[in-house]
Amino acid sequence: QVQLVESGGGSAQAGGSLRLSCAASTNRVSIGNYCMGWFRQIPGKEREGVATTGRFGTTSYADSVKGRFTISRDNAKNTLTLQLNSLKPEDTAMYYCAAALYPRSCAVTTGPTAFGTWGQGTQVTVSS
């Protein structure tokens, strides 16, 4: 079983950067076996996929963040990172780290219901 804890959220100006981290406690199982992803949600809207990284390092990004955000994983350290650059006010949301063990696919289109484990979220606020 995996437990996830996010950190690194905060406030930034438009055009600025933030770095989100997700520490995974896996009871001696590497996150290398998991599809890992970042999702975000604003009040009143559905949770949307931002970026995912699969077991073999493949990545997937939402069109709205391509070229600005970068997802990476360190399986040895059981950490997942999301680098947010060129931030826009519309990036303001609660960001969640998530893990899925052997889903049918590992992409932002996979959908949040395929991810069985979630962190508590970290708030990102971007001002114009």
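Heavy-atom contacts from other residues, nucleotides or ligands closer than 6.0 Å to CD of Glu46 number 12 or fewer.
Inter-residue side-chain proximity for Cys97 and Trp118 is flagged as unmet; no heavy-atom pair is nearer than 4.5 Å. Val108 places none of its side-chain heavy atoms less than 4.5 Å from the side chain of Phe39. No side-chain heavy atom of Glu6 sits less than 4.5 Å from a side-chain heavy atom of Tyr95.
Considering every non-hydrogen atom in both Pro103 and Cys35, the closest pair reads CG-CB, 3.7 Å. In this structure, Val2 and Ala24 approach most closely via the heavy-atom pair CG1-CB, 4.2 Å. Closest heavy-atom contact between Ser17 and Ala12: O-CB, 4.4 Å. Shortest non-hydrogen contact noted between Leu80 and Arg73 is CD1-CB, 4.1 Å. Minimum interatomic distance between Ile31 and Met36 (heavy atoms only, all atoms of both residues): CB-SD, 4.3 Å. Between Ala93 and Gln41 the shortest heavy-atom distance is CB-O, 3.6 Å.
A distance of 13.5 Å separates CE of Met94 from CZ of Arg40, quoted to the nearest 0.5 Å. With rounding to the nearest 0.5 Å, the separation of CH2 in Trp38 from OG1 in Thr53 is 12.5 Å. Here Asn85 contributes atom CG and Thr70 contributes atom OG1; the two are 6.5 Å apart, rounded to the nearest 0.5 Å. Atoms CG and CG, on Leu84 and Leu20 in that order, are 5.0 Å from each other to the nearest 0.5 Å. Between Leu4 atom CG and Gln120 atom CD the span is 9.0 Å, to the nearest 0.5 Å.
Checking side-chain atoms of Thr92 against main-chain N and O of Val126 turns up a donor-acceptor pair under 3.5 Å.
Ser25 is linked by a side-chain contact (heavy atoms from CB on, under 4.5 Å) to Gln3, counting only residues two or more places apart in sequence or in another chain. Applying the salt bridge (charged side-chain N to carboxylate O under 4.0 Å, His left out) test to Lys45 and every residue at least two apart in sequence or in another chain returns nothing.
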Show which side-chain atoms of residues 109-116 pair as donor or acceptor with protein atoms under 3.5 Å away, not counting sequence neighbours.
unit_1	atom_1	unit_2	atom_2	d
Thr110	OG1	Ser105	O	3.1
Thr110	OG1	Ser105	OG	3.0
Thr110	OG1	Ala107	N	2.9
Thr110	OG1	Ala107	O	2.9

Original post:
How far apart are the C-alpha atoms of Leu18 and Phe69, what are their side-chain angles, what is the distance that settles it, and do they pass the side-chain contact (heavy atoms from CB on, under 4.5 Å) test?
Top reply: CA-CA 10 Å; Leu18 286 171; Phe69 292 7; over 6 Å; no

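Contact check on Asp91 versus Lys88 returns no salt bridge, with no Lys/Arg side-chain nitrogen under 4.0 Å from an Asp/Glu carboxylate oxygen.
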